[in-house]
Amino acid sequence: MDRIIVKGGVPLEGKVRISGSKNSALPILAATLLAEGTSRIENLPFLKDTKTILKILNSLGAKIKLNKNSVEINTDTVKNFTAPYDLVCLMRGSICLLGPLLTRFKKAVVSLPGGCVIGPRPIDLHLKGLRDLGAEIKIKKGYIEAKTKKLKGRRIFLGGAFGSSVLATANVMMAATLAEGETLIEFAACEPEIVDLANFLNKMGAKIEGTGSHLLRIKGVRRLRGKNYKIISDRIEAGTYLVAGLITKGEISIENINPSHLEAVIDKAEESGAEINLKKRSLQVKNSNGLRAVNLVTFPYPGFPTDMQAQFMALLCLAQGTSVITERIFPKRFMHIGELNRMGADITIEGDSAILKGDRTFVGTKVMASDLRASAALVLAALAARGETEISRVYHLDRGYERLVEKLTELGADIKRIN
Ligand code: EPU
């Protein structure tokens, strides 16, 4: 198994170009099942998760021409409506195939995605929304079996115990595009990835209004046609590099981004003392005076993203003072704490909050990655650490960070991947 070796202490400098968004790419690739003809998706991040969803589409019968950062997909040849366990279990995001398969075939069989180290991942909202549209759904032997005579639009309330759900909104929105009549989704997710998916669906002929708000109005249409579409850039990858610049006391320029997608992250970084210069499609970040402790709470967009919580935790361990980080989306998403403490952090957990005593120094050691963003936090801590850190189970990083080692090397980091 591959490992990443980092010799810490080098301030990062230079420019880094951010890739396409993983969490936009997954539902957008799934949405190609709804359209006739060929779609060409550009700015596709070349990641394990995007390859997994393409593998599933291929196993269903789609014709796929992958050209690294773009892909042509024609799903006219798809005959199969079963997404099997051995592929779905690789990535929880495969649940976004349920809505498109059900819409396309009036039946769908999708393996239950199962648990996850970031805590329980229920799918009740996905099932509720699709049932409201007219699906009959049963869970049998670890599979979701859905069927319908006809999907019909109606008012659907999609709020759950933790607020809105990104992929439940994606599933119900995709199904509603071809349902009869009008669907209103209340408490819809407003994440930029949902807006991106809606823009793609609208380009293909759907009629979705209200994107970026909690109320979506979708008028059902008879057909969608494949189109060319460019995915937005990955705000979580951008935020991770922002932390890399700060944690190494460097000065970097993060390019090919939409800064408005990063407002909560930029706000917390500035509150902590970061100097950030925003441009239209890029930002420069530097940390010349050290950082102060800040408190933060994760929320659905436009709040502080749960997918940046672990990375900010690594950063705030080095800030002056005590910070409190409260996780409101996945209250058990604290797997990185044990490993950060082994590297020298002083973090304790109280309920859904982590209390971080700052002013720590990371010291390189052997650590183990546990999930995608936890792994990113360990790489960030390693970049700032005294001495050498060896990170194992790095396949988690391949799920969500394109060319991570190469991009950090270009910024001057002493990092290598070994087999
Ligand atoms: N929830 C329910 N019922 C449901 C669905 C979700 O109660 O049916 C709860 C979840 O347990 C959680 C909250 O709602 O407490 C939000 O979960 P959400 O459904 O929004 O998560 P998701 O759609 O499964 C996406 C991203 C995650 C990201 C979350 C939150 C993709 C492929 N995944 O997951 O990304 O953390 O939204 O923003 O889009 C990552 O990239 O590392 C990652 C985990």
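In listed order, ligands and their atoms are each counted from 1. The model shown is predicted, which means the values in this text are computed figures rather than measured ones.
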Exercise for the section: Determine whether Leu101 and Leu60 make a side-chain contact, defined as any pair of heavy atoms from C-beta on separated by less than 4.5 Å. Expected result: yes
Practice task
Report the part of Pro122 (side chain from C-beta onward, or backbone N, CA, C, O) that has a heavy atom under 4.0 Å from ligand 1; answer both or neither where that applies.
Solution key: both
Handout entry: Proximity of Asp124 to ligand 1 by residue part, where a heavy atom lies under 4.0 Å
Key = both
Problem - Minimum non-hydrogen distance to atom 34 (O) of ligand 1, winning option of Arg92, Met308, Arg121, Glu193 - result: Arg121
Problem - Numbered atoms and elements of ligand 1 in range of Leu26, under 4.0 angstrom, heavy atoms - result: 32 (C)
Fill in the blank from the handout: What one should report as the nearest heavy-atom pair of Gly93 and Leu167 is CA-CD1, 3.8 Å
Exercise for the section: Evaluate the side-chain proximity of Ile144 to Ile95: yes if any heavy-atom separation is below 4.5 Å, no if none is. Expected result: yes
Problem - Salt bridge Arg417-Asp398, side-chain N to carboxylate O under 4.0 Å - result: yes
Exercise for the section: Tell me which protein heavy atom sits closest to atom 30 (C) of ligand 1, plus the residue, atom name and distance to 0.1 Å. Expected result: Thr306 CG2, 3.8 Å
Handout entry: 4.0 Å heavy-atom contact, Ala161 with ligand 1
Key = no
Problem - ligand 1 atoms in contact with Asp307 (distance to a heavy atom under 4.0 Å) - result: 27 (C), 28 (C), 35 (O), 36 (O), 40 (C), 41 (O), 42 (O), 43 (C), 44 (C)
Handout entry: Passing option when Ser70 is tested against Lys230, Lys65, Glu42 for side-chain contact (heavy atoms from CB on, under 4.5 Å)
Key = Glu42
Problem - For ligand 1, the portion of Leu167 having any non-hydrogen atom under 4.0 Å away - result: both
Problem - Sub-4.0 Å heavy-atom contact, Ser165 with ligand 1 - result: yes
Handout entry: Atom indices of ligand 1, in the order listed, that fall short of 4.0 Å to a heavy atom of Lys22
Key = 40 (C), 41 (O)
Practice task
Can you pull out the closest protein heavy atom to atom 8 (O) of ligand 1? Residue, atom name and distance to 0.1 Å, please.
Solution key: Leu125 N, 2.7 Å
Problem - Heavy-atom side-chain proximity of Asn23 to Val166 below 4.5 angstrom - result: no
Practice task
Using a strict 4.0 Å cut-off to heavy atoms of His126, name the atoms of ligand 1 that fall inside it.
Solution key: 8 (O)
Problem - Protein residue, atom and distance nearest to atom 32 (C) of ligand 1, heavy-atom basis - result: Asn23 OD1, 3.3 Å
Problem - Option nearest atom 44 (C) of ligand 1 (shortest heavy-atom distance, choices Arg373, Arg333, His396) - result: Arg333
Completion exercise
Nearest non-hydrogen protein atom to atom 37 (O) of ligand 1, with distance, is Val166 CG2, 3.5 Å
Exercise for the section: May I ask which of Tyr301, Phe162, Phe330 has a heavy atom nearer to atom 29 (C) of ligand 1 than the others do? Expected result: Phe330
Exercise for the section: With heavy atoms only and a cut-off of under 4.0 Å, state how Ile329 meets ligand 1: side chain, backbone, both or neither. Expected result: both
Problem - Salt bridge Glu339-Arg342, side-chain N to carboxylate O under 4.0 Å - result: yes
Problem - Atoms in ligand 1 flagged as close to Leu372, the criterion being non-hydrogen separation under 4.0 Å - result: 42 (O)
Handout entry: Minimum heavy-atom distance between Phe187 and Ser164, given as atom pair plus value
Key = O-CB, 3.4 Å
Handout entry: Validation row: Arg360, Asn341 side chains within 4.5 angstrom (heavy atoms)
Key = no
Problem - Shortest non-hydrogen contact between Ser165 and Leu125, atoms and distance - result: CB-CD1, 3.8 Å
Problem - Salt-bridge contact Glu136-Lys138 (side-chain N to carboxylate O under 4.0 Å) - result: no
